[in-house]
Amino acid sequence: MRLSRAFLPVLKESPSDAQIVSHKLMLRAGLVRQTAAGIYAWLPLGFRVLKKIEQIVREEQDRAGSLEMLMPTIQSADLWRESGRYDAYGPEMLRIRDRHDREMLFGPTNEEMLTALFRDDVRSYRDLPRTLYHVQWKFRDEVRPRFGVMRGREFLMKDAYSFDLDEAGARQSYYTQLLAYLRTFQRLGIRAVPMKAASGPIGGDLSHEFIVLAPTGESEVFYDASYEEMDWSGSDLQYGDVAGLRALFDRIGQTYAATDETHDEARWSEVPATSQRTGRGIEVGHIFYFGTKYSDAMGLRVSGQDGGMVTPHMGSYGIGVSRLVGAIIEASHDDAGIIWPEAVAPWQVGIVTMRGDDAASQQAAGEMYTKLTAAGVETLYDDRDERGGAKLASMDLMGLPRQIIIGPRGLAAGTVELKDRRTGEKQELSIGSALARLTA
RNA sequence: CGGGGAGUGGCGCAGCCUGGUAGCGCGUCUGCUUUGGGAGCAGAGGGUCGCAGGUUCGAAUCCUGUCUCCCCGACCA
């Protein structure tokens, strides 16, 4: 993308509405614009990041055997009356009426809808287990939206739902999602620690929150240092490996991690002092098993192997996709701006010319842009007629992992500068070796 | 939902108390000079001051109502 043709409105000053760093940076770098309280339009830069996160989440769900589908944003109130949640949900549910005065709602989640879909088409134990998911916009009419996209009213969420014949099967589905989550967050380039949630809807040990560690997080967290050191996503572990998944789950259960809500001083004191870590965190995912709560209420039953009827056990698994954009920025930025992890960066490389009036620089920049793009490297070329310093400042703000800086001085010596956004490290390289480095 | 604050060019703000027909910085546009880490000078464009009533010769300013947004708390993927 050539910046001269892009829609990337960058601001020097933060709008006064923004309080936390990710919100300020998202506005300044032109990722989003607010259109109403807690509702945002995603501008091209922000949308690219959102799509990248969504795609990684999708790939890891698919890899774990979940089946993607798409359910509507608007749901019928009748569906929610079946589960009893229409009255129970309260004012966070956005209720609307259509032209025939039928009661509708903008979905805050999809347990009812998918349970009904499953109920209407699944008859036999042979069709279980299944895990289905979609990535869809949700709406929760928060009393007080804040922190930009981290606590918006409209948000993009991946929600998966598992159906199993019994609790043992549901546990297996749960472990599978647990591993999928570890892998997803690892690929996103952030550290997200699984923490046992306050209590699952039906109690038990099958409910975890995934917390991104960031100094500005909403809740205080306590965890064992091995969450920073070990590779929890077990690259060798297969999804069908029942014992392996169980071992992973047990290991997580034995390794302390809790938010201030669930913090247990007695267990905490058993963690060696040298391994105790405290910090703050942002919840970006939540998985839980809820048994037959919805299948019971909504009459989902299938024929069992013995000819009797079986009520499936369910679980649901959410990841806040839009919230992750803010959470990643909270976890990865500096005074100059955003520092995108490689996997979610809107572009991998940014090209800047220091002297817009230098024909040789423009020539070199244009060629590098063409070659990188042809090689499949996502590149943003700042070809605007701006001073070098201004371009570098906005490049830092936008947070692309690597910058190529081209100027007459370097070109005279046959070199360009390759800068690493995260470390700030700069290297003078020939154009050829810079290209080789970036396309490697 | 309780408490507090704010709506004035794209962004950040002043003006309001003490009514007289709108200003500053940044950004935008033009020209010239510049050019290796958010340039300088000169000029220009852009706002019926959230909206609706009211008071007044006259309202950004005073009064009433209303809408929106933000902050603190309680609540949350």
Side-chain angles (χ1 to χ4, degrees), chain A residues 9-20 23-24 27-30 33-39 57 89-93 107-111 135-160 181 192 197-198 207-212 218-219 259 261 281-288 316-327 335-337 352-358 361 382 384-398 403 405-413 415-417 419 424 426 428:
Chain A
V10 164
L11 304 172
K12 267 193 183 177
E13 295 177 89
S14 302
S16 60
D17 286 353
Q19 301 296 316
I20 61 168
H23 191 193
K24 288 179 182 173
L27 292 169
R28 285 190 53 209
R33 289 292 182 263
Q34 179 167 303
T35 62
I39 301 177
V57 169
Y89 215 91
E92 287 207 341
M93 177 183 281
T109 178
N110 288 72
E111 279 86 1
V135 181
Q136 177 63 291
W137 291 94
K138 306 285 193 296
F139 196 94
R140 292 187 192 171
D141 200 357
E142 297 280 348
V143 190
R144 192 185 157 210
R146 62 184 127 170
F147 305 143
V149 299
M150 296 226 294
R151 180 86 182 277
R153 291 193 293 173
E154 187 182 54
F155 55 97
L156 187 63
M157 179 173 161
K158 183 284 298 181
D159 42 325
Y181 274 45
S207 180
H208 286 84
E209 295 178 333
F210 283 78
I211 307 280
V212 171
E218 292 183 82
S219 48
T259 64
E261 286 182 359
I282 302 159
E283 182 183 353
V284 292
H286 199 162
I287 60 179
F288 50 86
S316 79
Y317 316 90
I319 290 180
V321 175
S322 50
R323 167 179 279 198
L324 268 165
V325 179
D335 289 345
V352 168
T353 50
M354 291 309 294
R355 288 284 299 261
D357 60 346
D358 180 56
S361 297
D382 190 347
R384 295 173 305 163
D385 182 20
E386 288 285 341
R387 296 172 69 87
K391 293 197 237 182
L392 291 171
S394 38
M395 204 54 87
D396 280 348
L397 176 61
M398 289 188 285
Q403 299 168 13
I405 300 160
I406 300 174
R409 264 185 227 164
L411 286 181
T415 64
V416 297
E417 184 179 298
K419 175 178 152 187
K426 298 169 194 168
E428 296 288 334

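Numbers restart at 1 for each chain; the letters A, B, ... are given by sequence-line order, proteins then strands.
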Rounded distance in Å between the C1' positions of B/C62 and B/C49:
15 Å

Looking at every strand, decide which applies to A/Pro108 at a 4.0 Å heavy-atom threshold: base, sugar-phosphate, or nothing.
nothing

With a 3.5 Å cut-off and heavy atoms only, can you find an N or O donor on one side and an acceptor on the other between the side chain of A/Arg28 and the base of B/G38?
yes

Heavy-atom side-chain contact between A/Leu156 and A/Val135 under 4.5 Å:
yes

May I ask you to evaluate whether A/Ser16 reaches the phosphate of B/C70, defined as a side-chain N or O under 4.0 Å from OP1 or OP2?
no

Find the distance A/Asp382:CG to B/U35:P and express it as a whole number of Å.
20 Å

Can you figure out which of B/C1, B/C72, B/U35 approaches the side chain of A/Val143 most closely?
B/C1

Which is true for A/Gln19 with a 4.0 Å heavy-atom rule: it touches a base, it touches only sugar-phosphate, or it touches nothing?
sugar-phosphate

Pairing check on B/A77: which nucleotide meets the Watson-Crick or G-U wobble criteria with it, both distances under 3.5 Å?
none

Under 3.5 Å for both donor-acceptor distances, Watson-Crick or wobble: does B/U18 have a partner, and if so which one?
none

Would you say the side chain of A/Met395 lies within less than 4.5 Å of the side chain of A/Asp382, judging by non-hydrogen atoms?
yes

Separation of the C1' atoms in B/U64 and B/U28, to the nearest angstrom:
40 Å

Among B/U34, B/C69, B/A77, which is the nearest nucleotide to the side chain of A/Arg387?
B/U34

Whom does B/G31 pair with, Watson-Crick or G-U wobble, provided both distances fall under 3.5 Å?
B/C41

Please figure out whether A/Leu392 or A/Glu142 has its closest RNA chain B nucleotide nearer the 5' end.
A/Leu392

Where the side chain of A/Glu283 is concerned, which of B/C11, B/G37, B/A77 is the nearest nucleotide?
B/A77

Side chain of A/Arg146 only, please: which of B/C75, B/A77, B/G36 is the nearest?
B/C75

Classify A/Gly152 by what it touches in the nucleic acid, base, sugar-phosphate, or nothing, heavy-atom distance under 4.0 Å.
base

Determine whether the side chains of A/Thr259 and A/Glu261 contain a donor N or O and an acceptor N or O closer than 3.5 Å.
no

If we call it a pair only when both distances are under 3.5 Å in a Watson-Crick or G-U wobble match, what pairs with B/A59?
none

Across all strands shown, which nucleotide pairs with B/G2 by Watson-Crick or G-U wobble geometry, both distances under 3.5 Å?
B/C72

What is the minimum heavy-atom distance between A/Lys391 and A/Val352, and which atoms define it?
CB-CG1, 3.8 Å

Identify whether any heavy atom of A/Gly318 sits under 4.0 Å from a base atom; if not, whether one sits that close to sugar-phosphate; answer base, sugar-phosphate or nothing.
nothing

Whole-Å distance, A/Arg153 CZ to B/U68 C1', equals 11 Å

Testing the 3.5 Å rule here: is there a donor-acceptor pair between the side chains of A/His286 and A/Ser316?
no

Rounded to whole Å, how long is the line connecting atom CG of A/Leu27 with atom C1' of B/C26?
17 Å

With respect to the phosphate group of B/C70, does any side-chain polar atom (N or O) of A/Gln34 fall under 4.0 Å of OP1 or OP2?
yes

Considering only B/G37, B/C75, B/G38, which nucleotide approaches the side chain of A/Lys419 most closely?
B/G37

In whole angstrom, give me the gap between the P atoms of B/G10 and B/C32.
29 Å

Taking only the side-chain heavy atoms of A/Lys426 (C-beta and beyond), determine which of B/G37, B/G38, B/C76 contains the nearest atom.
B/G37

Does the structure show a Watson-Crick or G-U wobble partner for B/G65, both distances under 3.5 Å? Name it, or say none.
B/C51

Whole-Å distance between B/C29 C1' and A/Arg384 CZ?
16 Å

Residues, nucleotides or ligands: over 12 heavy atoms within 6.0 Å of A/Asp357 CG:
yes

From CD1 of A/Ile39 over to C1' of B/C70, roughly how many Å is that when rounded to an integer?
16 Å

Counting any heavy atom closer than 4.0 Å, what does A/Gly410 reach on the DNA or RNA strands: base, sugar-phosphate only, or nothing?
base

All heavy atoms of A/Lys138 vs all of A/Asp159, minimum pair found to be NZ-OD1, 2.8 Å

Write down the distance separating the P atoms in B/U35 and B/C51, rounded off to the nearest Å.
47 Å

Minimum-distance nucleotide to A/Arg140 side chain [options: B/U35, B/A77, B/C71]
B/A77

Can you tell which of B/C76, B/G36, B/A74 lies closest to the side chain of A/Arg409?
B/G36

Nearest-angstrom distance from the residue atom CG of A/Asp17 to C1' of B/C69:
6 Å

If the P atom of B/A74 is compared with that of B/C16, how far apart are they to the nearest Å?
38 Å

Spacing of the P atoms in B/G47 and B/C11 (rounded, Å)
14 Å

What contact category does A/Asp396 fall into here, base, sugar-phosphate, or nothing, at under 4.0 angstrom with non-hydrogen atoms?
base

Side chain of A/Glu386 only, please: which of B/U35, B/U28, B/A74 is the nearest?
B/U28

In whole Å, what separates the P atom of B/G50 from that of B/G15?
15 Å

Donor-acceptor pair between A/Gln136 and A/Asn110 side chains, under 3.5 angstrom
no

Side-chain contact check for A/Glu13: nearest option of B/G12, B/G37, B/C71 is B/G12

My understanding is that only residues two or more places apart in sequence, or in another chain, count here; which of them pass ring pair (Phe, Tyr, Trp, His ring centres under 6.0 Å) with A/Phe210?
A/Tyr181, A/Phe185

Checking all strands, does A/Asp159 fall into the base, sugar-phosphate, or nothing category for heavy-atom contacts under 4.0 angstrom?
nothing

Does A/Ser14 or A/Ser322 map to a spot on RNA chain B nearer the 5' end, using the closest nucleotide for each?
A/Ser14

Which one is paired to B/C24, where only Watson-Crick or G-U wobble pairs with both distances under 3.5 angstrom count?
B/G12

Hey, is the side chain of A/Lys12 poking within less than 4.0 Å of OP1 or OP2 on B/C26, counting only N and O atoms?
no

Suppose you measure atom C1' in B/U21 against the same atom in B/A60; what distance do you get, rounded to whole Å?
10 Å

Write down the distance between CD1 (A/Ile282) and P (B/C76), rounded to a whole number of angstrom.
18 Å

Calculate the interatomic distance between A/Asp357 atom CG and B/C32 atom P; express it in whole Å.
14 Å

